[in-house]
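Below: the structure, in structure tokens.
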2 protein chains.
Amino acid sequence: MAVTMHDVAQRAGVSIKTVSNVVNGYPYIRAATKERVEAAIDELGYRVNMSARNLRTRRTGLITLAVPELSLPYFAELADAVISAADAAGWTVLIEQTSASRERETEVLSGRRRHLTDGLIFSPLALGPDDIGLFSVDFPLVILGERVFGAPADHVTMNNVAAAKAATLHLASLGRRRIAVIGAHEGEQVGSAALRTEGYRAGLAEAGLPFDPELVGEAGLWHRSTGAETMSRMLDDGVEIDAVFALNDALALGALHALHAHRIDVPGQVALIGFDDVDDAKYSVPALSSVDPGRDQIAHTAVELLLERIGASGDPAPFRRVVPDSRIVGRESTGEPGDVVDVQPGGTEQVAVDMTWA
Amino acid sequence: MAVTMHDVAQRAGVSIKTVSNVVNGYPYIRAATKERVEAAIDELGYRVNMSARNLRTRRTGLITLAVPELSLPYFAELADAVISAADAAGWTVLIEQTSASRERETEVLSGRRRHLTDGLIFSPLALGPDDIGLFSVDFPLVILGERVFGAPADHVTMNNVAAAKAATLHLASLGRRRIAVIGAHEGEQVGSAALRTEGYRAGLAEAGLPFDPELVGEAGLWHRSTGAETMSRMLDDGVEIDAVFALNDALALGALHALHAHRIDVPGQVALIGFDDVDDAKYSVPALSSVDPGRDQIAHTAVELLLERIGASGDPAPFRRVVPDSRIVGRESTGEPGDVVDVQPGGTEQVAVDMTWA
DNA sequence: TTGTACGCGTTATCAC
DNA sequence: GTGATAACGCGTACAA
């Protein structure tokens, strides 16, 4: 049923190899031959069989992007950006949702589907430094985020501490003294929560404000619902605040909802800033100030690094850690619409190779 | 380098066929043999080579989901649901972003990537009834939406007219008389915009309200930004309104932003309802009333139909059109939080086969 | 219950 | 420039 190279060759009166040459753009072909083959291809409606090509070339042209869930706007936008970047390079992306569960995240690294693609861009949320062994894999891998520093792979991260500090200082610069933080993970040493909380404390310190545990709102999952719940709880507990730094935009938008429900004016009584600068932030009421962590640059860089690894033949390049530039985007929720402040810029650093690619 | 079935067979002292049997769960294998093979697999770290299997079985285990863009929350949530449904059935999803451009949508149906997967779930936004010929394809296809009725494929759609009518009546039942609609596509005969606008007019008629062209706000793209712009334009033009039906939630959230900017109270002065019931709707300020079109059911049904087609051997089943149940979810923006109204239920209908699968 | 042998559609290595 | 032909790794008649 399916028409093969063999059929085309027969039709065009050439050998199968010549058809292959035409299909793959091999330059040294007589124009007349090429035309004949192309005509045969059109007439027969021939299509390359990807499975056969993949088997032969040991490459699939696919890469995997593993994220917690697409319903979270940050990851949806990240996926969009990754797909676009890969597309521009002629590659196709397969998305894997982990639900941030240990089991699924482990599966991503070693499961059945691992072998469908040539490489992996992985944003882990459940696995941490204790699982670093799992990341010693024999395929091209780029890790997003900062949960597993030290893994033998390229990393693309965010300027978390510096950006969170800048966000906190932004609130302090408005004269706010009781700055709450929402989304903290108590006792956690790594990951975005820990780093952003660290930045928050650094910001308080630099602004000469005391750190008050009462101002720290825990929220395991960074969803809108948890943001709303955490905010509500703090308000119900009578914690006095005049500003909130939410560790991501979903939390912030949830918190905004809770503030509204408590008839608290934003930014009049409480200033609010989030983190991620998702598209929603621009259109909430009031528009949400946020930290733009350089999402597009993250996606672009991750794809670039991964494709480099996939293309690398033999020479084990040193692992790299790339930190995109981030900036504070001031909008109505902190009363400074249009204000954009650059955070200390990111950069690239080389990490010694402690492992080679198989 | 890569360990193959052959290696495993040698190691276990059996034939390659036996290894294959074990890997594929063939039941009639002596327990001892099976154990020996499994031990060999573990020791050697053997993994099935998907490319080889795909070539042999003429199947990839992948399906494509083609949507405009993942940045749009509705499609992100749809993708989430489709991936989950496919996953539960052991299938993997590859997402294709079309940017709603004719070129990319055409490519999805016939381009290079078409042959990477076993079937396609396609939500077209640029192609319409005139392009119906493009949909006569020789691979399993499920079409989402109502732009190309009549195409020889299974359809999963929404109860657009009935749901839009119900949304309009919901606003009318609050005593609103000047109900604007946002997101209309002038002159368009098919697609969500046309159908929902038709439902809007039907709702007005049933409520005994006149149709006023001034109340119709055009918006080609259904983004937040266009919703905000359209709403602003209407308000600046001095159009008198006391309610707004936005044809999707992105438009509604944008409109909400514009209303707020114009210091118009929602729902006090203007009641607002959207369409899609995306997750954001629950957490906007005020929370947005919306039409839940049965997104999960759509995703689940689409996957189910597609896998049926893929699995179908020979017998060309009639094409089906499935319409999930939809309902109105009342929240603060129409002043009736918690109110849920069922819209006339959907259903399944069989369509004559005017084409067989190749 | 297990083994042998062949073919899936390509690409790649040589000759010619 | 072009043509045979051997892999690539797996599934599956068919045989044993």
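Because the structure is a prediction, the values reported are computed rather than measured.
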I need the [atom1]-[atom2] distance between [X] and [N], as an integer number of Å.
X: B:H6; N: D:dG9; atom1: NE2; atom2: P; value: 11 Å
X: B:M5; N: D:dA7; atom1: CE; atom2: P; value: 21 Å
X: A:R59; N: D:dC8; atom1: CZ; atom2: C1'; value: 15 Å

Students should find this one: the first and last nucleotides of DNA chain C, 5' to 3', lying under 4.0 Å from a heavy atom of chain A. What are they?
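Reading along DNA chain C, I get C:dG9 to C:dT13.
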Side chain to side chain donor-acceptor pair (under 3.5 Å) contacts in which one or both residues fall within residues 25-47 of chain A, not counting sequence neighbours
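Found A:R11-A:E43.
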Strictly below 4.0 Å, N to O, side chains only: are [X] and [Y] in salt-bridge contact?
X: A:R309; Y: A:D154; value: yes
X: B:R114; Y: B:D138; value: no
X: B:R102; Y: B:D131; value: yes
X: A:R320; Y: A:E308; value: yes

What does the list of N/O pairs under 3.5 Å between the protein and nucleotides 2-6 of chain D look like, with a distance for each?
unit_1, atom_1, unit_2, atom_2, d
D:dT2, OP1, A:T33, OG1, 2.5
D:dT2, OP2, A:R30, N, 3.1
D:dG3, OP2, A:S15, N, 2.9
D:dG3, OP2, A:S15, OG, 3.2
D:dG3, OP2, A:T18, OG1, 2.4

Parallel under 30°, tilted from 30 to 60°, perpendicular over 60°: which one fits the rings of A:H155 and A:F149?
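Perpendicular, since the angle between the ring planes exceeds 60°.
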Counting any heavy atom closer than 4.0 Å, what does [X] reach on the DNA or RNA strands: base, sugar-phosphate only, or nothing?
X: B:S20; answer: base
X: A:R47; answer: sugar-phosphate
X: B:V23; answer: nothing
X: B:N54; answer: nothing

Mind checking whether A:T60 and B:S51 have side chains closer than 4.5 Å, heavy atoms only?
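They are in side-chain contact.
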Hey, does B:V8 have a side-chain heavy atom less than 4.5 Å from the side chain of B:T4?
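In short, these two side chains do not touch, never coming nearer than 4.5 Å.
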Would you say D:dG9 has OP1 or OP2 under 4.0 Å from some side-chain N or O of A:R58?
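Answer is yes, contact under 4.0 Å.
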What distance do B:N54 atom CG and A:N49 atom CG have between them, rounded to the nearest 0.5 Å?
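Separation between the atoms: 9.5 Å.
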